[in-house]
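Since the structure comes first, as structure tokens, the remarks are kept for the end.
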Number of protein chains: 2
Amino acid sequence: MSHTLGVRQAQKQKTRQALLDAALRLLEEQSLSSLGLREVTRAAGVAPTAFYRHFRDMADLGVALVEEALGSLHTALTALLSATGDRAGEDDGEERIAATVELIAAYVRTHPAHVRFIAREQHGGVQAVRAAIGGQLALFTQEVKDQFAREPEAAGWAEDDLLMLAGMYVDHTVMTASALLEGGAAGEAGAGPGAAERVAARSRRQLRRQPRPPPLAGRTLTPPHPDPLRALDSYVRGN
Amino acid sequence: MSHTLGVRQAQKQKTRQALLDAALRLLEEQSLSSLGLREVTRAAGVAPTAFYRHFRDMADLGVALVEEALGSLHTALTALLSATGDRAGEDDGEERIAATVELIAAYVRTHPAHVRFIAREQHGGVQAVRAAIGGQLALFTQEVKDQFAREPEAAGWAEDDLLMLAGMYVDHTVMTASALLEGGAAGEAGAGPGAAERVAARSRRQLRRQPRPPPLAGRTLTPPHPDPLRALDSYVRGN
DNA sequence: AAACTCGGAGAACAGTTGTTAACTGCATGG
DNA sequence: CCATGCAGTTAACAACTGTTCTCCGAGTTT
């Protein structure tokens, strides 16, 4: 609050936000590449031409939406990463995993539209938006890696290995958020309120990186792999 | 070849296939919900009205495309699963993992457009298509689970646990295929031919369910978890 | 060989789209 | 306090969309 910005720019950002909100709402039931300019302005309650005062085209709005969804989360993450950096190892891994998954679930609960947008457009039809999402996720990955490097267990790990591990965590987070979104919608067919917990349980197990041991003794497991897939070789190469 | 089907129906399925092919080609650069009926018929070289002889609307064509991409692969999988069921445990897990990943890579190489379509529309804007993809993937999961159940290592595992593990494998496969697609496009910025191998290596490591041990002794690892994420709690709940 | 089927073409429709141009009114800076 | 800048509006444009009706001609059946 160095200087209160004028009434002029305040109103401008207000309609800009109205455009973003309208677009995000419409995007819950369609994808960006099918979203029309007039459709958005109509939902936002402004004239179609007002759109051009804020965005070049819909792809531009899409990139802005990516930054709204991930950018703010990113800065918050950066600020808080260092603050809690040296509390590592305070509790055991199981608690940390549960807390992490619950955090993801909370984010999905409070920002469902943003999560849906990111999940949908990550592989969507608009190149610029895909690139923006990829860039933001790469930043997340980098920061998670840096945090890993600070923990004592990471001693002796190669930089590339830590980065790859961080990438897996980020990907896992996105996938879990998306799964929670699909199963978490109350009143959906077949998926009761237990669906969210089932997704969470699966996510925890996956983070644990070791499937829950069988109800027998604590024997070491060599879990089955989809070996028969290999037999599909002829099909895949042919046709 | 019980009876050679007439010239009439043959020509019909020919233009139907032309429509599917044209749509699949156009879908490499946009998403289904933005794909126009006239756009497809124009690319297929038929009149716009001919579309209705084969599909009710674009969502219907999308479902047909899902079945073309996953259905045939599914039947092939079913046929070959039992044939190789009892060869389990013939080689060690490492080889099987490498073979599996290479199989995924081969499928992506030979059917890139189909893979892109599935990855894009899995979370896309058309409800019916999402449901169709989800259904096909559920079938895959079921069959992988059945195969797991046949392997001796699975003795004592609960049905639900096997199903969850199978689901992880299927999800991992889709994600790996998508990653290979992004990184595998030759002549892309920043991603040389080594990108595909990097993705494959990461996929193998993930299938191994245990990050590569550090270059020290074979000490047991408690790998770092994104604990600082928990500090984001206030951000997530607020705002 | 005649009657019928039916996949595809052609023309026309009302509606919607993105984009441009010229305008209006108000906050702003001198 | 007045002149400038600029967010937003109105009107109009050509282009394109999905959909319907009508018709044609070749494959199929009897």
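In what follows, every chain begins at residue 1, and chains take the letters A, B, ... in the order their sequences are listed.
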Reading DNA chain C from 5' onward, which residue's closest nucleotide shows up sooner: B/K14 or A/E39? B/K14

Considering residues, nucleotides and ligands other than B/E29, do more than 12 of their heavy atoms fall under 6.0 Å from its CD? no

Let me know the distance between CE of B/M58 and C1' of D/dT17, rounded to the nearest Å. 13 Å

Salt bridge check, A/R120 against A/E28: does any charged N sit closer than 4.0 Å to a carboxylate O? no

To the nearest 0.5 Å, atom CG of B/L24 lies from atom NE2 of B/H114 at 5.0 Å

Can you measure B/Q11 atom CD to C/dG8 atom P for me and round it to whole angstrom units? 8 Å

What do you reckon, are the aromatic ring centroids of A/F140 and A/Y169 less than 6.0 Å apart? no

Rounded to the nearest angstrom, tell me the gap between atom CG in B/L19 and atom P in C/dG7. 13 Å

Is a donor from one side chain sitting under 3.5 angstrom from an acceptor on the other, for A/S34 and B/S34? no

Please enumerate all residues that pass side chain to side chain contact (heavy atoms under 4.5 Å, CB included) together with A/A64, with sequence neighbours excluded. A/R16, A/L20, A/F55

Using heavy atoms and a sub-4.0 Å distance, could you list which residues of residues 42-54 of chain A are near DNA chain D? By number, please. A/V46, A/A47, A/T49, A/A50, A/R53, A/H54

Could you tell me whether the side chains of B/Q142 and B/Q147 share a donor-acceptor contact shorter than 3.5 Å? no

B/M164 side chain reached by A/R198 side chain, heavy atoms, under 4.5 Å: no

Rounded to whole Å, please give me the gap between CZ in A/R16 and C1' in D/dC6. 17 Å

Can you tell me how far P of C/dT19 sits from CZ of A/R56, to the nearest Å? 11 Å

Atom pairs, protein N/O to nucleotides 28-30 of chain D N/O, distance under 3.5 Å:
{"residue": "D/dT28", "atom": "OP1", "partner": "B/V7", "partner atom": "N", "Å": "2.7"}
{"residue": "D/dT28", "atom": "OP1", "partner": "B/R8", "partner atom": "N", "Å": "2.9"}

Taken to the nearest whole Å, CZ/A/R38 to P/D/dA12 is 13 Å

To the nearest angstrom, how far is B/L37 atom CG from C/dG8 atom C1'? 14 Å

Could you check how far CD of B/Q13 sits from P of C/dC6, rounded to whole Å? 15 Å

Donor-acceptor pair, side chain of B/Q206 and main chain of A/M168, under 3.5 angstrom: no

